[in-house]
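Every chain is numbered from 1, with letters handed out A, B, ... down the list of sequences.
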Amino acid sequence: MTVTRFAPSPTGYLHIGGLRTALFSWLAAKHNNGKFLLRIEDTDIARNSEEAKDAILEAFEWVGMSHDGEVVYQSKRFDLYKKYIDQLLREKKAYKCYMSREELAILRQEQMDKKERTRYDGRYRDFTGTPPEGIDPVIRIKAPQEGMITFIDGVKGEINIAATEVDDFVIARADGAPTYNFVVAVDDALMDCTEVIRGDDHLYNTPKQIVVYNALNFTIPNFYHVAMINNEQGKKLSKRDGATDVMEYKALGYLPEALLNFLVRLGWSHGDQEIFSIEEMISLFDPKNINKSSSNYNLDKLLWLNAHYIKNSSDEKLIELLKDFDLELENSPKTSMILSATKERGKTLIELAKQIQLIVQVPTSYDEKASKKAFKGEAKEILSAFTLMLKEANPSTKEAYHAVMEKVVFQKEIGFGKIGMPLRVALLGSMTGSGLDEIMAILGVNEIVARIEKAIAIIE
RNA sequence: GGCCCCUUCGUCUAGCGGUUAGGAUCCAUGGUUUUCAUCCAUGUCACAGGAGUUCGAGUCUCCUAGGGGUCACCA
């Protein structure tokens, strides 16, 4: 069975790039009816926070990516790691190193001065003497000293790293706490992960982890290293480039399905297809098709996708979503008229809410430029005439409202713009917005008349 | 700096030795719309550079350049 996992360290919010790797892992598991596990990498107790962990879980919930089984916390598994460390010590595959931090720093400096690669020199590898006083040793694993460490990366192909590039790295600190590369390998193996999909900043950790797998006789999983997401300039994505926290997208009015659709197409594709429902992603995704190259983050496409998903959302769904944007709409025929008049005008829920407010709220002010342009000449007379005819005809459908407008146009021998513009500004306070016929059908005669009279009062 | 990875329109990408190098987005223009948006149509725009292999190279090989990653008792 396919088992994948996402393993964030709880040091901050869930990053957009992290969400994409999580999505790839989730899809790989779902595609094969496998399992997607979540593991919190909190071995560095000083840097972890409960809030960060909750924020990550919240983001997963928002996008609807559920994990299988309980969340695994590494901080609760220290006994387990210790057991394996002891085993390696017993088997002489790992050893205690009494080098102090100061000595290590000196060694590094010497290597740097000689322009050599900085690496531990293995001086305690076969140490049998009396250990120096007053030093709590770290534990280092014996890495191969010659040859190549080779593995097949599902994205990048065969990767060969010279053994000399990997030193006897620390697997347990002086205080006994295990380190990252050790626990990752142990957990991935113990959790039976078959595919490890992660950012390619981990590519260089892979040979180290393979050392651990081999020392412990664990089965090595398939690795997939996904290239980074950069900003539009191709540089590392930072907060200056806009939203990097997944939850910011919710606040900005994006739908999770739009975000996911956007992310799945960053580094993966299926022919010319652009729109993928969650079901389609699951049935079509294969990690072997992940691109090698990094991709740049560009908001235009996300916006376009978001508009698409808003347009195609049901009224019920939009009503629910708009609650987060201070808009309480009841599920009624009127609401459904409002939504069909506005759905196609908002690229985000914020914009959609704004469009709806335009109709629902009595304008408290009139856009200066708009009123200057619209409320001039005979606008006042035309609006008055329209009001009279409106009361007389008492229309109820948008077609009927349109007929009233036509009648005014005909009688006054004017163009549609002569009535359309002032009417729009009177009703909405703005020169742009939904179709007038639709708006009027939503507002009803009384409300229309009230808004026109209010507008007429300020035209002088 | 050592090691490793990457390089097709501005951006996301298709391509897997023979294509007028395709799609999407953005942008521009036109149509639809009383406005704006939607929608529709059209257009501009790319194989980083150089050698080779081959009848033929975006596709294979090498070199160069550019970009990225990584070199912790952090994850």
Side-chain angles (χ1 to χ4, degrees), chain A residues 7-11 41-44 46-48 74 97 99-101 104-105 108 111-112 115-120 136-140 153 155-157 159-162 164-167 169-181 183-184 199-207 225 227-228 230 232-236 262 265-275 291-305 307 311 342-347 351 355 370 374 402 405-406 409 415-421 423-425 428 430-437:
Chain A
S9 64
T11 50
E41 313 238 305
D42 52 356
T43 50
D44 186 4
R47 282 177 38 178
N48 299 322
Q74 291 187 322
C97 169
M99 202 168 174
S100 69
R101 283 170 194 266
L104 237 187
R108 276 209 191 96
Q111 289 170 332
M112 269 156 65
K115 295 214 187 286
E116 285 175 3
R117 176 183 162 69
T118 59
R119 65 197 303 278
Y120 173 68
D136 291 326
V138 298
I139 295 169
R140 290 180 181 273
D153 186 280
V155 174
K156 301 192 190 275
I159 304 286
N160 295 295
I161 310 277
T164 49
E165 292 293 314
V166 180
D167 63 4
F169 61 96
V170 173
I171 59 172
R173 304 179 176 90
D175 65 3
T179 60
Y180 173 77
N181 281 117
V183 295
V184 167
D200 75 357
D201 48 339
H202 286 289
L203 194 68
Y204 247 66
N205 288 144
T206 308
H225 288 96
M228 306 276 95
N230 296 128
E232 189 139 16
Q233 287 72 242
K235 301 289 179 190
K236 196 171 177 169
F262 171 69
R265 286 285 288 99
L266 245 39
W268 178 82
S269 61
H270 181 258
D272 287 340
Q273 191 170 344
E274 296 287 346
I275 307 284
N291 285 157
K292 292 173 185 221
S293 53
S294 59
S295 36
N296 293 0
Y297 170 94
N298 176 254
L299 206 63
D300 288 334
K301 204 117 181 195
L302 210 209
L303 233 25
W304 172 73
L305 282 165
K311 271 182 281 186
T342 52
K343 250 183 195 183
E344 295 184 350
R345 295 163 190 280
K347 287 193 194 301
E351 287 178 16
Q355 286 293 325
H402 189 77
M405 281 180 77
E406 272 181 334
V409 167
F416 246 110
K418 284 273 187 225
I419 179 169
M421 225 188 311
L423 186 55
R424 170 176 302 283
V425 178
L428 304 181
S430 146
M431 204 143 55
T432 63
S434 310
L436 278 176
D437 305 344

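- Phosphate proximity of B:A24 to A:N298: absent, as no side-chain N or O sits under 4.0 Å from OP1 or OP2.
- Nearest to the side-chain atoms of A:H202 among the listed nucleotides B:A14, B:U25, B:A75 stands B:A75.
- Evaluation of atom-type donor-acceptor distances gives no pair under 3.5 Å for the side chain of A:R345 against the base of B:U38.
- For the pair A:T118 and B:A72, the criterion of a side-chain N or O lying under 4.0 Å from OP1 or OP2 is met.
- Between A:M431 atom CE and B:U34 atom C1' there is a gap of 13 Å when expressed in whole angstrom units.
- Considering only side-chain N and O atoms, A:K311 lies under 4.0 angstrom from the phosphate OP1 or OP2 of B:C39.
- Side-chain to base pairing of A:K156 with B:C5: no donor and acceptor N or O lie closer than 3.5 Å to each other.
- Note on A:K235: a side-chain N or O is less than 4.0 Å away from OP1 or OP2 of B:G68.
- Of the listed nucleotides (B:C6, B:A75, B:U34), B:A75 has the atom at the smallest distance from the side chain of A:N181.
- The aromatic rings of A:F416 and A:H402 sit parallel to each other, their planes meeting at less than 30°, with 60° as the upper class boundary.
- Side-chain nitrogen and oxygen atoms of A:N296 include at least one within less than 4.0 Å of the OP1 or OP2 phosphate oxygen of B:C12.
- At B:A75, one or more side-chain N or O atoms of A:T43 fall inside 4.0 Å of OP1 or OP2 (strictly under the cut-off).
- Note on A:K292: a side-chain N or O is less than 4.0 Å away from OP1 or OP2 of B:C6.
- Between B:U13 and A:S295, a contact under 4.0 Å exists linking OP1 or OP2 to a side-chain N or O.
- As a whole-Å value, the separation of A:N230 CG from B:G66 P is 18 Å.
- In terms of polar N and O atoms assigned as donor or acceptor, the side chain of A:Y204 comes within less than 3.5 Å of the base of B:C3 in a complementary pairing.
- Distances shorter than 4.0 Å separate some side-chain N or O of A:R108 from OP1 or OP2 on B:A72.
- OP1 or OP2 of B:A37 has not a single side-chain nitrogen or oxygen of A:K343 nearer than 4.0 Å.
- Summarising the base pairing, B:C3 is matched to B:G69 through a Watson-Crick or G-U wobble pair whose two defining distances lie under 3.5 Å.
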